[in-house]
There are 2 protein chains.
Amino acid sequence: MRVPRAEREEQILTAAEQVFAERGFHATSMDEVAERVGVTKPLIYDYFGSKEGLLSACITRARTQLREATELSWASVGPDAPLSEVFEAGVRAFFEFIDAHATAFVLIRQEGAVASQANPLIESIREEQSAATVATFRAAPGLGAVPEELLEGCAEVVIGACERVAVWRAGRPGIGVEDATAIVVSSVWGGLSSLLTPR
Amino acid sequence: MRVPRAEREEQILTAAEQVFAERGFHATSMDEVAERVGVTKPLIYDYFGSKEGLLSACITRARTQLREATELSWASVGPDAPLSEVFEAGVRAFFEFIDAHATAFVLIRQEGAVASQANPLIESIREEQSAATVATFRAAPGLGAVPEELLEGCAEVVIGACERVAVWRAGRPGIGVEDATAIVVSSVWGGLSSLLTPR
DNA sequence: TTGGTAACTTACCGATGGTAAGTTCCTCGT
DNA sequence: ACGAGGAACTTACCATCGGTAAGTTACCAA
């Protein structure tokens, strides 16, 4: 069946996400992805250029979805809520997203394999996420003049903490979303708040 | 020239670390690694089993070196120093190690590519690092009865924060070791200390 | 000397990433 | 209505490279 490009690309990305997540990058064959979609290999190459390009596109989509989920949670908590609440809502949204999109997160963890020498696409999407977090900090009421670099560094700390706790939690079914949220928020919030609102 | 196995393995690991770091896993050919060592491919397969096995071994070595570097710094700060100092020394040692072993860190970031479905070797070495951090927390003077899970979670937060800040810093030459250390310590220490020593 | 084993090579296969050259079908301008 | 053009898609193919089988050479111990 003939299908417009945008739609076909979505189908391919969805299939590739599954195969990459369950087999890993190396063990995934382009023919298998193509077969699942009901298409042949050269079409995928026409649309995504290479195997790494396909993985890049998958990761980009996953990271974008993740960012949108957290931004949505920030919006839902209200524009002038205290920073602590906004912060907690974002962390919780992160873990909820991971629970709901396990394959996407497996993919995100593989980005080291493809971003070896500064893949610009991956790098830019990464920076988008950091920038969104920084913007949230900046929008907080009662925030003094904090240097940009410090703010960026804090955003990286939060994101890094969330990602690593998510990996750790994958092997421990006993740790729920709320537990994970509590661990990140309570370890990071104290230092963060005193940094961001110097008394 | 004929060389005993242990020595050859080290040579191969060193060469592989360089090639993996500069080309990435996919673009690295076993023949190139072999050629750099002055050996042929089947020998590498005899010693490491597969391409992924070789990467696993590289990552294992890199992570072990990293862990040893941080443990050394903990020892050098004295056995009954306050936790804050031990903590800061460990974080600083982490960033110093990354600066001195750039290729090793590029490698560590690629572990997602190979640890897709619970590579036991990688997983165990990861847990060693967490366990070492947990043990350091445990050894702190005046630490109350903190549940094990919380302690583990905190360790993951710290490690995740360090790793991500290291990646972020790679693109920003202006951020020195001390800046990075300050960012991690000040964002995490406040919350951590009040968690670990409930007043 | 010789048996055994550790270190290493030559020669090969098959899978798979990647491509060239089409073919079919829809659309749009005249 | 109809042909040009391009988008969607296929067949058939190549070349590289991960992996292996079967050997060969050097060392060492009895």
Side-chain angles (χ1 to χ4, degrees), chain A residues 1-59 107 110-111 113-117 119 121-122, chain B residues 1-59 107 110-111 113-117 119 121-122:
Chain A
M1 230 234 286
R2 222 110 186 276
V3 155
R5 174 163 183 162
E7 189 178 334
R8 201 48 111 192
E9 281 181 347
E10 283 301 309
Q11 293 176 2
I12 294 170
L13 286 177
T14 302
E17 183 173 309
Q18 286 174 1
V19 184
F20 279 140
E22 75 192 28
R23 294 235 204 296
F25 180 76
H26 181 79
T28 294
S29 87
M30 296 296 270
D31 278 317
E32 184 177 350
V33 175
E35 198 187 1
R36 285 209 195 184
V37 182
V39 151
T40 49
K41 205 170 44 170
L43 186 71
I44 301 185
Y45 279 90
D46 196 25
Y47 287 174
F48 296 96
S50 70
K51 194 180 178 183
E52 294 206 354
L54 181 59
L55 179 61
S56 272
C58 286
I59 292 175
L107 232 57
Q110 304 207 342
E111 77 182 19
V114 73
S116 51
Q117 78 275 19
N119 183 320
L121 199 66
I122 302 287
Chain B
M1 234 233 289
R2 222 113 185 271
V3 156
R5 175 162 182 160
E7 190 178 334
R8 254 290 122 80
E9 281 182 346
E10 283 301 309
Q11 293 176 2
I12 294 170
L13 285 178
T14 301
E17 183 174 307
Q18 286 175 1
V19 184
F20 278 140
E22 72 192 33
R23 296 236 205 295
F25 179 76
H26 181 78
T28 294
S29 88
M30 296 296 269
D31 279 315
E32 184 176 351
V33 175
E35 197 187 1
R36 285 208 195 185
V37 182
V39 151
T40 50
K41 205 171 45 172
L43 186 71
I44 301 185
Y45 278 91
D46 196 25
Y47 287 174
F48 296 97
S50 69
K51 193 180 178 183
E52 294 206 353
L54 181 59
L55 179 62
S56 274
C58 285
I59 292 174
L107 234 57
Q110 305 209 342
E111 76 182 21
V114 74
S116 50
Q117 78 273 22
N119 181 321
L121 198 67
I122 301 287

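Per chain, numbering begins at 1; letters A, B, ... match sequence-line order. Hydrogens, waters and symmetry mates play no part in the numbers below; they use all other heavy atoms, side chains included.
Salt-bridge check for A:Arg36 with A:Glu17: failed, with every basic side-chain N at 4.0 Å or more from each acidic carboxylate O.
Between the CD1 atom of B:Ile44 and the C1' atom of C:dA7 there is a distance of 14 Å, given to the nearest Å. Straight-line distance from the OH atom of A:Tyr47 to the P atom of D:dA7: 10 Å, rounded to whole Å. If you measure from atom CG of B:Leu43 to atom P of D:dT20, you get 14 Å, rounded to the nearest angstrom. Straight-line distance from the CD1 atom of B:Ile12 to the C1' atom of C:dA7: 11 Å, rounded to whole Å. Nucleotide C:dA7 holds its C1' atom 12 Å from the CD atom of B:Glu9, rounded to whole Å. Rounded to whole Å, atom C1' of D:dT24 lies 14 Å from atom CG of B:Asp46. In this structure, B:Arg5 places its CZ atom 19 Å from P of D:dC27, rounding to the nearest Å.
OP1 and OP2 of D:dA7 both lie 4.0 Å or more from every side-chain N or O belonging to A:Arg8.
Counting only distance, with no hydrogens or angles, the side chain of B:Lys51 and the backbone of B:Phe25 share a donor-acceptor pair below 3.5 Å.
At a threshold of 4.5 Å between non-hydrogen side-chain atoms, the residues B:Thr40 and B:Glu35 do not count as touching.
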Exercise. If a protein heavy atom is under 4.0 Å from the base, mark B; if only from the sugar-phosphate, S; if neither, -; do that for nucleotides 17-25 of chain C going 5' to 3'.
Key: BBBB---BB
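Around the CD atom of A:Glu10, the shell of radius 6.0 Å holds more than 12 heavy atoms that belong to other residues, nucleotides or ligands.
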